[in-house]
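Have a look at the structure below before the remarks.
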Amino acid sequence: MRKILLCVAAMFAVVGCSKSDVVGEGEPKEDVVEVNFNVKVNGHSTKGSGEKFGINADDNTLCTLDLFVFRTEEGQDDYGVLEFYKRLTAGECIGEINISSELTVGKKKVVAIGNSKLMNWSNLTNLTEMGKLVASLQSESAKNYTMCKIQDYTVNKSETINFALERLISRVVVTGIRTKFEGTPYEGCGLNDVKIFLMNVQGKKYFLNRDAVNLQVLNNGRLVLDDVNLCAMYGILHESLATNIYDSGYNNKHYFYCYSNPITTEDETNKFTRLVIQGTINGITYYYPIVLKNLQENCSYSCDVTIMKPGSTDPSEDVSAISLNSVITVSNWQTGTPYSVVF
């Protein structure tokens, strides 16, 4: 997996007095250390145009970086208090960056957010407020995908901490679609008026608790054009194909993006995200939903689809194995171990 590396080199030197020393009227001074954040960022800093091309260099682009350090020493009155914050903008996210600050010794939670769409962090002075903040899928765009990394560590000695920023989104790539009607009553028929869309999509994610689901569900149970049209990036959830599909196949790649949906079982409230192929055969509209179970962030799901007979007439109704064969390859954006799913 190609990762955006945020290398944080914390070089500590005790500054001033220890807690046992006396300052002014006898008040003890906390131990503090000089922390130098040495930040290395891969990629250039061009704002996304709204198009998606599946180009890894574009997917890795970092436009802004927000770095937060919170105190997390248990039992202390200042648990969760924001101790340090720094924002880097486009011109500062190129090459190697050095950020220095004095931090008190003790346990910390570092939150690094790349390409945040939030421009105003006012009143964000503690972890409780950070826990309320969400990212929105409808605001995501190419070359500007939201990234995040959270890490706990203790400031007490010289050390180097490496961060690998990860995208909040998942990528779903349709690599090919074909019918397999030869030798059946449907031989010679095509799949016409073809549309592809993602359904039951998690539309919002907390930065801290990213396992939480159903803050917002887009294309809930069906294609909802209002949900699609409010997305900043065209085609992120839905595309119409300009061609019919036959046994000879269609091999143009189509890229879709969504947030993670880590549920492992479905019920009335929690639904798997699905990739749906929609098309007409002999004038009747059919749907071919492909279940993306336990959908994880920062992973790419590559789907190759073979359609062997009419599907379901409801996008929420899964089709049988004799209607659809789908091979799904999962990778953490570039490479990974493939596995197959048959419907």
Side-chain angles (χ1 to χ4, degrees), residues 48 50-52 54 59 115 117 133-142 144-148 166-175 194-207 209-241 253-278 287-303 305 311-312 314-319 326 328 330-333 341 343:
E51 298 293 328
K52 75 272 170 258
D59 293 342
N115 298 336
K117 311 310 180 287
L133 296 182
V134 297
S136 172
L137 183 68
Q138 290 177 315
S139 298
E140 300 285 3
S141 62
N144 199 20
Y145 297 129
T146 304
M147 307 176 191
C148 188
E166 296 182 347
R167 307 167 195 84
L168 295 191
I169 58 170
S170 306
R171 184 174 71 180
V172 181
V173 186
V174 178
T175 57
V194 181
K195 298 177 175 61
I196 311 172
F197 60 92
L198 291 177
M199 188 175 74
N200 303 333
V201 176
Q202 299 297 316
K204 293 185 184 295
K205 277 290 171 182
Y206 288 121
F207 284 108
N209 180 18
R210 297 207 292 279
D211 285 338
V213 296
N214 298 337
L215 305 180
Q216 179 192 36
V217 180
L218 303 175
N219 284 349
N220 191 1
R222 59 187 178 87
L223 176 63
V224 181
L225 291 181
D226 286 345
D227 291 347
V228 170
N229 293 335
L230 287 174
C231 292
M233 182 166 68
Y234 172 78
I236 190 172
L237 295 178
H238 163 264
E239 279 198 273
S240 296
L241 274 57
K253 290 184 178 180
H254 291 265
Y255 295 84
F256 304 90
Y257 297 88
C258 54
Y259 283 153
S260 64
N261 189 3
I263 65 170
T264 56
T265 57
E266 283 191 307
D267 54 36
E268 289 299 317
T269 302
N270 300 303
K271 299 295 184 183
F272 295 132
T273 299
R274 286 167 167 80
L275 173 71
V276 182
I277 312 296
Q278 174 186 328
Y287 302 91
Y288 301 88
I290 301 166
V291 176
L292 302 173
K293 185 183 296 187
N294 192 20
L295 189 66
Q296 297 297 309
E297 66 186 32
N298 202 44
C299 287
S300 181
Y301 295 79
S302 183
C303 303
V305 181
S312 66
D314 183 339
S316 294
E317 181 183 334
D318 292 334
V319 299
S326 175
I328 302 178
V330 182
S331 64
N332 45 3
W333 216 255
V341 178
F343 298 88

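Small disclaimer: the values here were computed from a predicted structure and weren't measured.
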query: Got more than 12 heavy atoms from elsewhere within 6.0 Å of NZ, Lys253?
result: no

If we ignore hydrogens and angles and just use 3.5 Å, is the side chain of [X] paired with the main-chain N or O of [Y] as donor and acceptor?
X	Y	answer
Asn115	Tyr145	yes
Thr175	Cys303	yes
Tyr206	Asp211	no
Ser312	Glu317	yes
Ser170	Gln296	yes
Gln138	Asp227	yes
Asn200	Arg274	no
Lys205	Arg210	yes

Side chains of [X] and [Y]: does their closest heavy-atom pair fall under 4.5 Å?
X	Y	result
Leu168	Cys148	yes
Lys293	Glu266	no
Tyr255	Arg171	yes
Lys117	Asn144	yes
Val174	Glu239	no
Tyr288	Val305	no
Pro315	Met199	yes
Leu137	Ile236	yes

message: On a heavy-atom basis, which atom in Ile169 and which in Tyr257 lie closest, and how many Å separate them?
response: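 In this case the closest contact between Ile169 and Tyr257 is CD1-CD2, 3.4 Å.
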
task: Might you point out which heavy atoms bring Val319 and Pro289 nearest each other, and give the distance in Å?
output: CG1-CD, 3.9 Å

Would you compute the distance between atom [atom1] of [X] and atom [atom2] of [Y] and round it to the nearest 0.5 angstrom?
X	Y	atom1	atom2	result
Leu225	Leu230	CG	CG	11.0 Å
Tyr234	Asn229	OH	CG	10.0 Å
Ile196	Phe256	CD1	CZ	4.5 Å
Arg167	Ser300	CZ	OG	9.5 Å
Arg222	Phe197	CZ	CZ	10.0 Å
Asn261	Leu295	CG	CG	6.5 Å

task: Return the set of residues passing ring-ring contact (aromatic ring centres under 6.0 Å, His included) with His238 (not counting sequence neighbours), or none when no residue passes.
output: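 In terms of ring-ring contact (aromatic ring centres under 6.0 Å, His included), with neighbours along the sequence ignored, His238 is linked to no residue.
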
Just list the side-chain donor-acceptor pairs under 3.5 Å for residues 213-221, sequence neighbours left out, or say none.
| residue | atom | partner | partner atom | Å |
| --- | --- | --- | --- | --- |
| Asn214 | OD1 | Gln202 | NE2 | 3.3 |
| Asn214 | ND2 | Asn270 | OD1 | 2.8 |
| Asn219 | OD1 | Val224 | N | 2.9 |
| Asn219 | ND2 | Leu198 | O | 2.7 |

